[in-house]
Amino acid sequence: SAVISQKPSRDICQRGTSLTIQCQVDSQVTMMFWYRQQPGQSLTLIATANQGSEATYESGFVIDKFPISRPNLTFSTLTVSNMSPEDSSIYLCSVGGGLANEQFFGPGTRLTVL
Amino acid sequence: DQQVKQNSPSLSVQEGRISILNCDYTNSMFDYFLWYKKYPAEGPTFLISISSIKDKNEDGRFTVFLNKSAKHLSLHIVPSQPGDSAVYFCAASDSNSNSGYALNFGKGTSLLVTP
(Lines give C-alpha, C1' and ligand atoms only; values in the text may rest on other atoms or scores of the structure.)
Protein backbone atom coordinates (compact mmCIF):
# COMPACT_ATOMS: atom_id res chain seq x y z
CA SER A 1 0.00 0.00 0.00
CA ALA A 2 1.06 3.63 -0.56
CA VAL A 3 2.47 5.82 2.21
CA ILE A 4 0.33 8.93 2.54
CA SER A 5 1.14 12.07 4.52
CA GLN A 6 -1.00 15.08 5.27
CA LYS A 7 -0.15 18.61 6.40
CA PRO A 8 -1.09 20.08 8.76
CA SER A 9 -2.01 17.31 11.16
CA ARG A 10 -4.25 19.71 13.04
CA ASP A 11 -5.15 23.38 13.10
CA ILE A 12 -7.37 25.82 14.93
CA CYS A 13 -8.75 28.56 12.71
CA GLN A 14 -10.96 31.60 12.99
CA ARG A 15 -14.28 31.71 11.19
CA GLY A 16 -14.19 33.40 7.82
CA THR A 17 -10.63 32.30 7.06
CA SER A 18 -9.46 29.52 4.73
CA LEU A 19 -7.14 26.57 5.26
CA THR A 20 -5.33 24.51 2.65
CA ILE A 21 -4.59 20.88 3.47
CA GLN A 22 -1.88 19.03 1.59
CA CYS A 23 -1.78 15.34 0.75
CA GLN A 24 1.44 13.69 -0.46
CA VAL A 25 1.76 10.10 -1.67
CA ASP A 26 5.03 8.23 -2.02
CA SER A 27 4.08 6.75 -5.39
CA GLN A 28 2.09 7.78 -8.43
CA VAL A 29 -1.59 7.02 -8.08
CA THR A 30 -4.48 7.55 -10.43
CA MET A 31 -7.29 7.98 -7.94
CA MET A 32 -7.13 10.42 -5.02
CA PHE A 33 -10.07 11.28 -2.82
CA TRP A 34 -10.95 13.71 -0.07
CA TYR A 35 -13.22 12.72 2.84
CA ARG A 36 -14.61 14.50 5.86
CA GLN A 37 -15.53 13.02 9.22
CA GLN A 38 -17.62 15.34 11.33
CA PRO A 39 -17.78 14.65 15.08
CA GLY A 40 -19.76 11.50 15.77
CA GLN A 41 -20.43 10.89 12.10
CA SER A 42 -19.19 8.55 9.40
CA LEU A 43 -16.63 9.43 6.77
CA THR A 44 -18.21 11.27 3.86
CA LEU A 45 -16.65 11.62 0.43
CA ILE A 46 -16.21 15.26 -0.57
CA ALA A 47 -14.70 14.84 -4.03
CA THR A 48 -12.47 12.84 -6.32
CA ALA A 49 -9.30 14.74 -7.22
CA ASN A 50 -8.58 14.21 -10.90
CA GLN A 51 -5.10 14.85 -12.27
CA GLY A 52 -5.18 17.42 -15.03
CA SER A 53 -8.87 18.21 -14.77
CA GLU A 54 -11.42 19.60 -12.37
CA ALA A 55 -12.34 17.60 -9.29
CA THR A 56 -15.59 15.66 -9.23
CA TYR A 57 -17.72 16.73 -6.26
CA GLU A 58 -20.29 14.66 -4.41
CA SER A 59 -23.77 15.91 -3.72
CA GLY A 60 -23.73 18.62 -1.09
CA PHE A 61 -20.17 19.77 -1.78
CA VAL A 62 -19.20 22.59 -4.15
CA ILE A 63 -15.98 23.84 -5.65
CA ASP A 64 -16.32 27.34 -4.22
CA LYS A 65 -16.31 25.97 -0.69
CA PHE A 66 -13.82 23.13 -1.19
CA PRO A 67 -11.47 23.95 -4.07
CA ILE A 68 -9.14 21.08 -4.90
CA SER A 69 -5.89 20.97 -6.83
CA ARG A 70 -4.19 17.90 -8.29
CA PRO A 71 -1.07 19.12 -10.09
CA ASN A 72 0.49 15.65 -10.45
CA LEU A 73 0.00 11.99 -9.61
CA THR A 74 1.51 12.20 -6.12
CA PHE A 75 0.05 15.39 -4.64
CA SER A 76 -3.27 17.10 -3.98
CA THR A 77 -4.60 19.96 -1.89
CA LEU A 78 -8.02 20.64 -0.41
CA THR A 79 -8.93 24.15 0.69
CA VAL A 80 -11.71 24.75 3.17
CA SER A 81 -12.90 28.25 2.33
CA ASN A 82 -14.68 30.87 4.42
CA MET A 83 -14.76 28.52 7.37
CA SER A 84 -17.52 28.30 9.96
CA PRO A 85 -17.66 26.17 13.13
CA GLU A 86 -19.68 23.59 11.16
CA ASP A 87 -16.52 22.88 9.14
CA SER A 88 -14.81 21.51 12.25
CA SER A 89 -13.99 17.96 11.17
CA ILE A 90 -11.26 15.53 10.38
CA TYR A 91 -10.30 15.80 6.72
CA LEU A 92 -8.70 12.76 5.13
CA CYS A 93 -7.23 12.05 1.75
CA SER A 94 -7.17 8.57 0.33
CA VAL A 95 -5.83 6.83 -2.73
CA GLY A 96 -7.13 3.92 -4.75
CA GLY A 97 -5.38 0.64 -4.01
CA GLY A 98 -4.72 -2.62 -5.80
CA LEU A 99 -8.34 -3.67 -6.03
CA ALA A 100 -10.92 -1.47 -7.73
CA ASN A 101 -12.66 -0.27 -4.61
CA GLU A 102 -9.99 -0.52 -1.99
CA GLN A 103 -8.69 2.78 -0.68
CA PHE A 104 -5.83 3.70 1.63
CA PHE A 105 -6.07 6.71 3.88
CA GLY A 106 -3.75 9.38 5.12
CA PRO A 107 -3.53 10.19 8.84
CA GLY A 108 -6.05 13.01 8.59
CA THR A 109 -6.12 16.72 9.44
CA ARG A 110 -8.10 17.69 12.50
CA LEU A 111 -9.62 21.13 11.95
CA THR A 112 -11.28 23.20 14.63
CA VAL A 113 -13.02 26.43 13.63
CA LEU A 114 -13.75 28.92 16.38
CA ASP B 1 -29.48 9.33 4.32
CA GLN B 2 -27.26 6.70 5.93
CA GLN B 3 -26.94 3.79 3.49
CA VAL B 4 -24.51 1.87 5.69
CA LYS B 5 -25.43 1.37 9.32
CA GLN B 6 -23.49 0.08 12.26
CA ASN B 7 -26.06 -0.05 15.00
CA SER B 8 -23.70 -0.91 17.85
CA PRO B 9 -21.56 2.10 18.74
CA SER B 10 -19.42 0.00 21.06
CA LEU B 11 -18.53 -3.58 21.91
CA SER B 12 -16.47 -5.07 24.73
CA VAL B 13 -14.96 -8.55 24.44
CA GLN B 14 -12.56 -10.57 26.54
CA GLU B 15 -9.17 -11.43 25.14
CA GLY B 16 -9.21 -14.79 23.35
CA ARG B 17 -12.94 -14.69 22.65
CA ILE B 18 -14.66 -13.95 19.35
CA SER B 19 -15.55 -10.37 18.40
CA ILE B 20 -18.48 -9.98 16.03
CA LEU B 21 -19.08 -6.58 14.47
CA ASN B 22 -22.22 -6.09 12.44
CA CYS B 23 -23.14 -3.87 9.53
CA ASP B 24 -26.35 -3.39 7.56
CA TYR B 25 -26.86 -1.61 4.27
CA THR B 26 -29.87 -0.37 2.36
CA ASN B 27 -28.61 0.03 -1.21
CA SER B 28 -29.03 -3.26 -3.09
CA MET B 29 -26.64 -1.96 -5.78
CA PHE B 30 -23.64 -2.15 -3.44
CA ASP B 31 -21.34 -4.85 -4.74
CA TYR B 32 -18.15 -4.40 -2.75
CA PHE B 33 -17.78 -4.23 1.01
CA LEU B 34 -14.82 -3.33 3.16
CA TRP B 35 -13.83 -3.14 6.80
CA TYR B 36 -11.45 -0.51 8.13
CA LYS B 37 -9.81 -0.21 11.52
CA LYS B 38 -9.00 3.17 13.03
CA TYR B 39 -6.80 4.06 15.97
CA PRO B 40 -7.02 7.53 17.54
CA ALA B 41 -5.13 10.25 15.63
CA GLU B 42 -4.58 7.93 12.66
CA GLY B 43 -6.36 7.43 9.37
CA PRO B 44 -8.47 4.32 8.78
CA THR B 45 -6.47 1.20 7.88
CA PHE B 46 -7.87 -1.26 5.37
CA LEU B 47 -8.55 -4.62 7.00
CA ILE B 48 -10.51 -6.96 4.75
CA SER B 49 -12.99 -6.81 1.91
CA ILE B 50 -15.55 -8.97 0.14
CA SER B 51 -17.16 -8.88 -3.25
CA SER B 52 -20.89 -9.46 -3.61
CA ILE B 53 -20.21 -12.66 -5.55
CA LYS B 54 -18.87 -14.25 -2.37
CA ASP B 55 -20.41 -14.89 1.02
CA LYS B 56 -17.23 -15.31 3.02
CA ASN B 57 -13.67 -14.04 2.96
CA GLU B 58 -11.02 -15.00 5.47
CA ASP B 59 -7.65 -13.46 6.28
CA GLY B 60 -5.92 -14.85 9.33
CA ARG B 61 -7.93 -14.01 12.43
CA PHE B 62 -10.39 -11.90 10.43
CA THR B 63 -13.38 -13.25 8.53
CA VAL B 64 -16.08 -11.25 6.81
CA PHE B 65 -19.47 -12.79 6.09
CA LEU B 66 -21.94 -11.35 3.61
CA ASN B 67 -25.66 -12.11 3.54
CA LYS B 68 -26.98 -10.31 0.47
CA SER B 69 -30.60 -11.26 0.97
CA ALA B 70 -30.52 -9.69 4.41
CA LYS B 71 -28.23 -6.84 3.29
CA HIS B 72 -26.03 -7.65 6.22
CA LEU B 73 -22.36 -8.26 6.74
CA SER B 74 -20.31 -9.08 9.77
CA LEU B 75 -16.67 -9.10 10.77
CA HIS B 76 -15.46 -11.89 13.02
CA ILE B 77 -12.17 -11.59 14.89
CA VAL B 78 -10.94 -14.83 16.43
CA PRO B 79 -9.20 -14.86 18.82
CA SER B 80 -9.54 -11.25 19.89
CA GLN B 81 -6.42 -9.51 21.16
CA PRO B 82 -5.99 -6.26 23.15
CA GLY B 83 -4.28 -4.72 20.12
CA ASP B 84 -7.54 -5.12 18.21
CA SER B 85 -9.07 -2.39 20.35
CA ALA B 86 -9.98 0.33 17.85
CA VAL B 87 -12.92 1.77 15.95
CA TYR B 88 -14.07 -0.45 13.09
CA PHE B 89 -15.77 1.05 10.07
CA CYS B 90 -17.87 -0.83 7.56
CA ALA B 91 -17.89 0.61 4.01
CA ALA B 92 -19.65 -0.25 0.77
CA SER B 93 -19.51 0.82 -2.84
CA ASP B 94 -21.44 0.44 -6.08
CA SER B 95 -18.84 -0.07 -8.77
CA ASN B 96 -21.39 0.61 -11.51
CA SER B 97 -22.48 4.03 -10.27
CA ASN B 98 -21.16 7.34 -11.54
CA SER B 99 -19.19 7.57 -8.30
CA GLY B 100 -17.98 3.99 -8.62
CA TYR B 101 -15.07 4.53 -6.32
CA ALA B 102 -17.01 6.33 -3.62
CA LEU B 103 -17.01 4.48 -0.32
CA ASN B 104 -20.11 4.80 1.84
CA PHE B 105 -19.15 4.42 5.47
CA GLY B 106 -21.01 3.47 8.61
CA LYS B 107 -20.48 5.45 11.80
CA GLY B 108 -18.17 2.87 13.28
CA THR B 109 -18.14 0.47 16.22
CA SER B 110 -15.63 0.99 19.00
CA LEU B 111 -14.21 -2.39 20.03
CA LEU B 112 -12.53 -2.85 23.38
CA VAL B 113 -10.71 -6.12 24.02
CA THR B 114 -10.01 -6.58 27.70
CA PRO B 115 -7.22 -8.80 29.07
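Lettering of chains follows the sequences in order, A, B, ..., and the numbering in each one begins at 1.
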So which of A:Ser94, A:Pro107, A:Gly108 has the biggest tally of heavy-atom pairs under 4.5 Å with chain B?
->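 With the most close heavy-atom pairs to chain B, the winner is A:Pro107.
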
Structural part of B:Ala41 lying under 4.5 Å from a heavy atom of chain A |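 Backbone only.
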
Which answer fits B:Gln2, side chain, backbone, both or neither, if we ask what part of it has an atom under 4.5 Å from a heavy atom of chain A?
->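 For B:Gln2, side-chain heavy atoms alone lie under 4.5 Å from chain A.
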
A:Lys65 bridged to A:Asp87 by N-O distance under 4.0 Å |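 Looking at A:Lys65 and A:Asp87, the cut-off is met.
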
Positive for ring pair (Phe, Tyr, Trp, His ring centres under 6.0 Å) with B:Tyr36, one of B:Tyr88, B:Phe105, B:Phe62 |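 With B:Tyr36 as partner, B:Tyr88, B:Phe105, B:Phe62 yield a single ring pair (Phe, Tyr, Trp, His ring centres under 6.0 Å), made by B:Phe105.
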
Structural part of A:Leu92 lying under 4.5 Å from a heavy atom of chain B |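 A:Leu92 touches chain B through side-chain heavy atoms alone.
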
Which portion of A:Gln6 sits near chain B, non-hydrogen atoms under 4.5 angstrom |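 When you check distances to chain B, no heavy atom of A:Gln6 falls under 4.5 Å.
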
Centroid-to-centroid, B:Phe46 to A:Phe105, below 6.0 Å?
->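 Ring centres of A:Phe105 and B:Phe46 not closer than 6.0 Å.
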
Measure from the ring center of B:His76 to the ring center of B:Phe65 and say whether it is less than 6.0 Å.
->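 Yes, the ring centres sit under 6.0 Å apart.
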
Test side chain to side chain donor-acceptor pair (under 3.5 Å) applied to A:Thr79 and A:Ser18, step by step = CA-CA 7 Å; A:Thr79 299; A:Ser18 299; over 6 Å; no

